[in-house]
Amino acid sequence: RAYTNRVQTGQTGCLVMTGPTGTGKTHLSVSIVRNLMARREGKEPLFARYATSADIANDILGAWIRERDREGDNEKAALQRYIAPDLLIIDELGLDDQREAQIAAIHRVLYGRYDAQKSTVVVSNLTTAKLTELLGDRLWSRLGENGVIVECNWADQRTTSKGWNK
(Lines give C-alpha, C1' and ligand atoms only; values in the text may rest on other atoms or scores of the structure.)
Protein backbone atom coordinates (compact mmCIF):
# COMPACT_ATOMS: atom_id res chain seq x y z
CA ARG A 1 0.00 0.00 0.00
CA ALA A 2 2.79 2.40 0.85
CA TYR A 3 4.41 1.92 -2.55
CA THR A 4 1.06 2.39 -4.32
CA ASN A 5 0.49 5.60 -2.36
CA ARG A 6 3.94 6.86 -3.32
CA VAL A 7 3.31 6.27 -7.02
CA GLN A 8 -0.16 7.80 -6.68
CA THR A 9 1.34 11.03 -5.35
CA GLY A 10 3.94 11.25 -8.11
CA GLN A 11 6.93 9.87 -6.22
CA THR A 12 9.06 7.42 -8.12
CA GLY A 13 11.14 4.45 -7.17
CA CYS A 14 11.49 0.73 -7.56
CA LEU A 15 9.67 -2.03 -5.73
CA VAL A 16 11.47 -5.37 -5.82
CA MET A 17 9.53 -8.48 -4.81
CA THR A 18 11.52 -11.68 -4.40
CA GLY A 19 10.60 -15.12 -3.22
CA PRO A 20 9.79 -18.65 -4.29
CA THR A 21 7.11 -19.70 -6.74
CA GLY A 22 3.48 -19.34 -5.70
CA THR A 23 3.89 -16.69 -3.00
CA GLY A 24 1.65 -14.14 -4.75
CA LYS A 25 4.26 -11.73 -6.09
CA THR A 26 2.62 -11.33 -9.50
CA HIS A 27 -0.81 -11.06 -7.89
CA LEU A 28 0.46 -8.28 -5.61
CA SER A 29 2.12 -6.43 -8.50
CA VAL A 30 -1.08 -6.47 -10.56
CA SER A 31 -2.99 -5.30 -7.46
CA ILE A 32 -0.79 -2.21 -7.42
CA VAL A 33 -1.97 -1.34 -10.92
CA ARG A 34 -5.61 -1.97 -10.04
CA ASN A 35 -5.37 0.20 -6.94
CA LEU A 36 -3.66 2.98 -8.87
CA MET A 37 -6.39 2.96 -11.50
CA ALA A 38 -9.17 2.88 -8.89
CA ARG A 39 -7.78 5.94 -7.14
CA ARG A 40 -7.30 8.10 -10.24
CA GLU A 41 -10.90 9.26 -10.57
CA GLY A 42 -10.94 12.85 -11.76
CA LYS A 43 -7.19 12.85 -12.38
CA GLU A 44 -5.05 12.21 -15.42
CA PRO A 45 -4.79 8.42 -15.76
CA LEU A 46 -1.48 6.69 -15.24
CA PHE A 47 -0.19 4.34 -17.90
CA ALA A 48 1.04 1.00 -16.62
CA ARG A 49 2.52 -1.93 -18.50
CA TYR A 50 3.09 -5.53 -17.40
CA ALA A 51 5.56 -7.85 -19.15
CA THR A 52 7.91 -10.67 -18.34
CA SER A 53 11.59 -9.86 -18.58
CA ALA A 54 12.01 -12.46 -21.35
CA ASP A 55 9.23 -10.84 -23.40
CA ILE A 56 10.81 -7.40 -22.96
CA ALA A 57 14.25 -8.65 -23.97
CA ASN A 58 12.88 -10.58 -26.95
CA ASP A 59 10.89 -7.54 -28.12
CA ILE A 60 13.92 -5.26 -27.98
CA LEU A 61 16.28 -7.79 -29.55
CA GLY A 62 13.66 -8.64 -32.18
CA ALA A 63 13.52 -4.99 -33.21
CA TRP A 64 16.90 -5.43 -34.86
CA ILE A 65 15.43 -8.10 -37.12
CA ARG A 66 12.17 -6.20 -37.72
CA GLU A 67 14.11 -3.06 -38.65
CA ARG A 68 16.47 -4.95 -40.94
CA ASP A 69 13.55 -6.63 -42.67
CA ARG A 70 11.60 -3.35 -42.77
CA GLU A 71 8.67 -5.07 -41.08
CA GLY A 72 8.36 -2.92 -38.02
CA ASP A 73 9.78 -0.51 -35.56
CA ASN A 74 13.37 0.02 -34.55
CA GLU A 75 15.15 -0.68 -31.28
CA LYS A 76 14.54 2.84 -29.96
CA ALA A 77 10.78 2.43 -30.38
CA ALA A 78 10.90 -0.97 -28.68
CA LEU A 79 12.82 0.49 -25.73
CA GLN A 80 10.31 3.34 -25.44
CA ARG A 81 7.46 0.87 -25.05
CA TYR A 82 8.99 -0.06 -21.70
CA ILE A 83 10.56 3.23 -20.64
CA ALA A 84 7.54 5.46 -21.31
CA PRO A 85 4.86 3.96 -18.98
CA ASP A 86 4.35 5.65 -15.62
CA LEU A 87 4.65 2.21 -14.03
CA LEU A 88 6.30 -0.88 -15.47
CA ILE A 89 5.99 -4.32 -13.92
CA ILE A 90 8.82 -6.63 -14.97
CA ASP A 91 7.86 -10.15 -13.96
CA GLU A 92 10.01 -13.27 -13.81
CA LEU A 93 13.33 -11.41 -13.89
CA GLY A 94 16.09 -13.99 -14.03
CA LEU A 95 13.93 -16.88 -15.22
CA ASP A 96 14.20 -17.03 -19.03
CA ASP A 97 16.52 -14.09 -19.68
CA GLN A 98 19.96 -15.38 -18.80
CA ARG A 99 21.69 -14.74 -22.15
CA GLU A 100 24.03 -11.77 -22.13
CA ALA A 101 22.11 -9.90 -24.84
CA GLN A 102 18.81 -10.38 -22.98
CA ILE A 103 20.28 -9.14 -19.72
CA ALA A 104 21.76 -6.13 -21.52
CA ALA A 105 18.33 -5.29 -22.98
CA ILE A 106 16.72 -5.42 -19.52
CA HIS A 107 19.52 -3.24 -18.15
CA ARG A 108 18.85 -0.65 -20.86
CA VAL A 109 15.17 -0.56 -19.91
CA LEU A 110 15.93 -0.22 -16.20
CA TYR A 111 18.58 2.48 -16.74
CA GLY A 112 16.20 4.31 -19.08
CA ARG A 113 13.40 4.20 -16.52
CA TYR A 114 15.76 5.38 -13.79
CA ASP A 115 16.92 8.31 -15.93
CA ALA A 116 13.30 9.17 -16.81
CA GLN A 117 12.33 8.92 -13.10
CA LYS A 118 9.68 6.27 -13.71
CA SER A 119 8.41 3.77 -11.16
CA THR A 120 9.20 0.11 -11.71
CA VAL A 121 8.11 -3.10 -10.01
CA VAL A 122 10.52 -6.01 -10.38
CA VAL A 123 9.26 -9.50 -9.58
CA SER A 124 11.68 -12.41 -9.30
CA ASN A 125 12.10 -15.88 -7.86
CA LEU A 126 15.78 -15.11 -7.34
CA THR A 127 17.09 -14.24 -3.91
CA THR A 128 18.08 -10.65 -3.29
CA ALA A 129 21.75 -11.68 -3.49
CA LYS A 130 21.28 -13.43 -6.86
CA LEU A 131 19.24 -10.52 -8.19
CA THR A 132 21.97 -8.09 -7.14
CA GLU A 133 24.51 -10.27 -8.96
CA LEU A 134 22.36 -10.44 -12.11
CA LEU A 135 21.77 -6.67 -12.23
CA GLY A 136 25.21 -5.57 -11.04
CA ASP A 137 26.17 -3.16 -8.29
CA ARG A 138 25.62 0.06 -10.27
CA LEU A 139 22.12 -0.77 -11.44
CA TRP A 140 21.17 -2.30 -8.09
CA SER A 141 22.29 0.92 -6.38
CA ARG A 142 20.14 3.01 -8.70
CA LEU A 143 17.11 0.79 -8.16
CA GLY A 144 17.65 1.09 -4.41
CA GLU A 145 17.34 4.88 -4.54
CA ASN A 146 13.84 5.41 -3.13
CA GLY A 147 13.43 1.65 -3.55
CA VAL A 148 11.67 -0.97 -1.46
CA ILE A 149 12.41 -4.70 -1.21
CA VAL A 150 9.68 -7.12 -0.19
CA GLU A 151 10.89 -10.66 0.42
CA CYS A 152 7.94 -12.99 0.01
CA ASN A 153 9.33 -15.95 1.95
CA TRP A 154 6.25 -17.95 2.76
CA ALA A 155 4.66 -21.15 1.50
CA ASP A 156 3.41 -21.66 -2.05
CA GLN A 157 -0.18 -20.40 -1.86
CA ARG A 158 -1.29 -22.31 -4.93
CA THR A 159 -0.62 -25.74 -3.50
CA THR A 160 -1.36 -24.97 0.16
CA SER A 161 -4.72 -23.31 -0.51
CA LYS A 162 -6.15 -25.80 -3.01
CA GLY A 163 -3.64 -28.61 -3.21
CA TRP A 164 -3.29 -31.19 -5.90
CA ASN A 165 -6.34 -33.20 -6.85
CA LYS A 166 -5.85 -36.80 -5.83
Side-chain angles (χ1 to χ4, degrees), residues 1-40 43-61 75-154 157:
R1 281 191 216 140
Y3 182 79
T4 302
N5 290 337
R6 284 176 41 192
V7 173
Q8 180 70 28
T9 61
Q11 298 175 40
T12 61
C14 186
L15 170 65
V16 175
M17 288 190 280
T18 64
T21 300
T23 56
K25 299 176 301 295
T26 300
H27 177 79
L28 290 170
S29 68
V30 172
S31 293
I32 290 170
V33 173
R34 289 181 183 214
N35 281 303
L36 283 173
M37 297 303 111
R39 295 182 184 175
R40 295 298 291 185
K43 294 182 182 178
E44 186 71 26
L46 293 176
F47 176 50
R49 171 163 267 170
Y50 167 92
T52 66
S53 61
D55 288 341
I56 293 169
N58 291 336
D59 184 20
I60 293 166
L61 297 174
E75 182 184 10
K76 184 177 180 181
L79 278 167
Q80 279 305 114
R81 276 194 285 281
Y82 304 103
I83 294 172
D86 299 303
L87 176 68
L88 175 66
I89 298 170
I90 302 175
D91 200 0
E92 299 178 351
L93 185 62
L95 179 64
D96 294 320
D97 55 4
Q98 294 292 315
R99 289 189 352 247
E100 190 174 323
Q102 289 176 311
I103 294 168
I106 297 298
H107 280 218
R108 292 182 63 204
V109 168
L110 289 169
Y111 275 115
R113 292 189 61 74
Y114 173 82
D115 291 344
Q117 297 183 338
K118 301 286 187 163
S119 294
T120 306
V121 175
V122 173
V123 179
S124 180
N125 294 121
L126 298 177
T127 64
T128 302
K130 289 284 186 188
L131 200 52
T132 304
E133 184 180 323
L134 177 71
L135 295 175
D137 292 337
R138 288 182 178 164
L139 183 52
W140 187 254
S141 174
R142 284 173 172 82
L143 296 180
E145 185 179 328
N146 299 318
V148 177
I149 296 176
V150 176
E151 294 181 347
C152 304
N153 294 320
W154 45 80
Q157 298 302 296

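Values in this document were obtained by computation on a predicted structure and should not be read as measured data.
- For the atom pair CG (L135) and OH (Y111), the distance works out to 9.0 Å, reported to the nearest 0.5 Å.
- Inter-residue side-chain proximity for W140 and V16 is flagged as met; some heavy-atom pair is nearer than 4.5 Å.
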Side-chain atoms of residues 116-130: list all donor-acceptor pairs with protein atoms under 3.5 Å, sequence neighbours left out, distances to 0.1 Å.
from, atom 1, to, atom 2, distance (Å)
K118, NZ, A84, O, 3.1
T120, OG1, R113, NE, 2.7
S124, OG, L93, O, 2.7
S124, OG, L126, N, 2.9
N125, ND2, G19, O, 3.0
T127, OG1, K130, N, 3.1
T128, OG1, E151, OE2, 2.9

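- Between L134 and H107, the shortest heavy-atom distance links the atoms O-NE2, 3.4 Å.
- Taking 4.5 Å as the limit, every side-chain heavy atom of T52 sits out of range of all side-chain heavy atoms of I90.
- Distance check, rounded to the nearest 0.5 Å: CG of D59 to CG of L79 gives 9.0 Å.
- Between the side chains of T4 and N35, no donor N or O sits under 3.5 Å from an acceptor N or O.
- Proximity of T12 to Y114: side-chain heavy atoms (C-beta onward) are nowhere separated by under 4.5 Å.
- Judged as a salt bridge (Lys or Arg N to Asp or Glu O under 4.0 Å), not a single pair has a partner in residues 8-33 (not counting sequence neighbours).
- Using a 4.5 Å heavy-atom cutoff, the side chains of N146 and R6 are in contact.
- Counting only heavy atoms from C-beta outward, the side chains of Y50 and D91 approach each other to under 4.5 Å.
- The environment of CG in D115 is crowded: more than 12 heavy-atom neighbours from other residues, nucleotides or ligands sit within 6.0 Å.
- Scanning all heavy atoms of the two residues, the minimum distance from S53 to G94 falls at OG-N, 4.0 Å.
- To the nearest 0.5 Å, atom OG of residue S31 and atom CZ of residue R1 are 11.0 Å apart.
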Residue pair V148, M17: steps toward the side chain to side chain contact (heavy atoms under 4.5 Å, CB included) verdict: CA-CA 9 Å; V148 177; M17 288 190 280; over 6 Å; no
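- Distance CD1/I83 to CZ/R108: 8.0 Å, rounded to 0.5 Å.
- Rounded to the nearest 0.5 angstrom, L139 CG and I103 CD1 are separated by 11.5 Å.
- Nearest heavy atoms, G13 versus Y3: O-OH, 2.8 Å.
- In the model, N58 has a side-chain atom that pairs as donor or acceptor with a side-chain atom of Q102 under 3.5 Å.
- Between atom CD1 of residue I89 and atom CD1 of residue I32 there is a gap of 6.5 Å, rounded to the nearest 0.5 Å.
- At least one donor-acceptor pair under 3.5 Å links the side chain of R49 to the backbone N or O of R81.
- Without hydrogens or angle criteria, D86 side chain to L46 main chain gives no donor-acceptor distance under 3.5 Å.
- The heavy-atom pair separating C152 from P20 by the smallest distance is O-CD, 3.3 Å.
- The shortest distance between side-chain heavy atoms of F47 and L87 does not fall below 4.5 Å.
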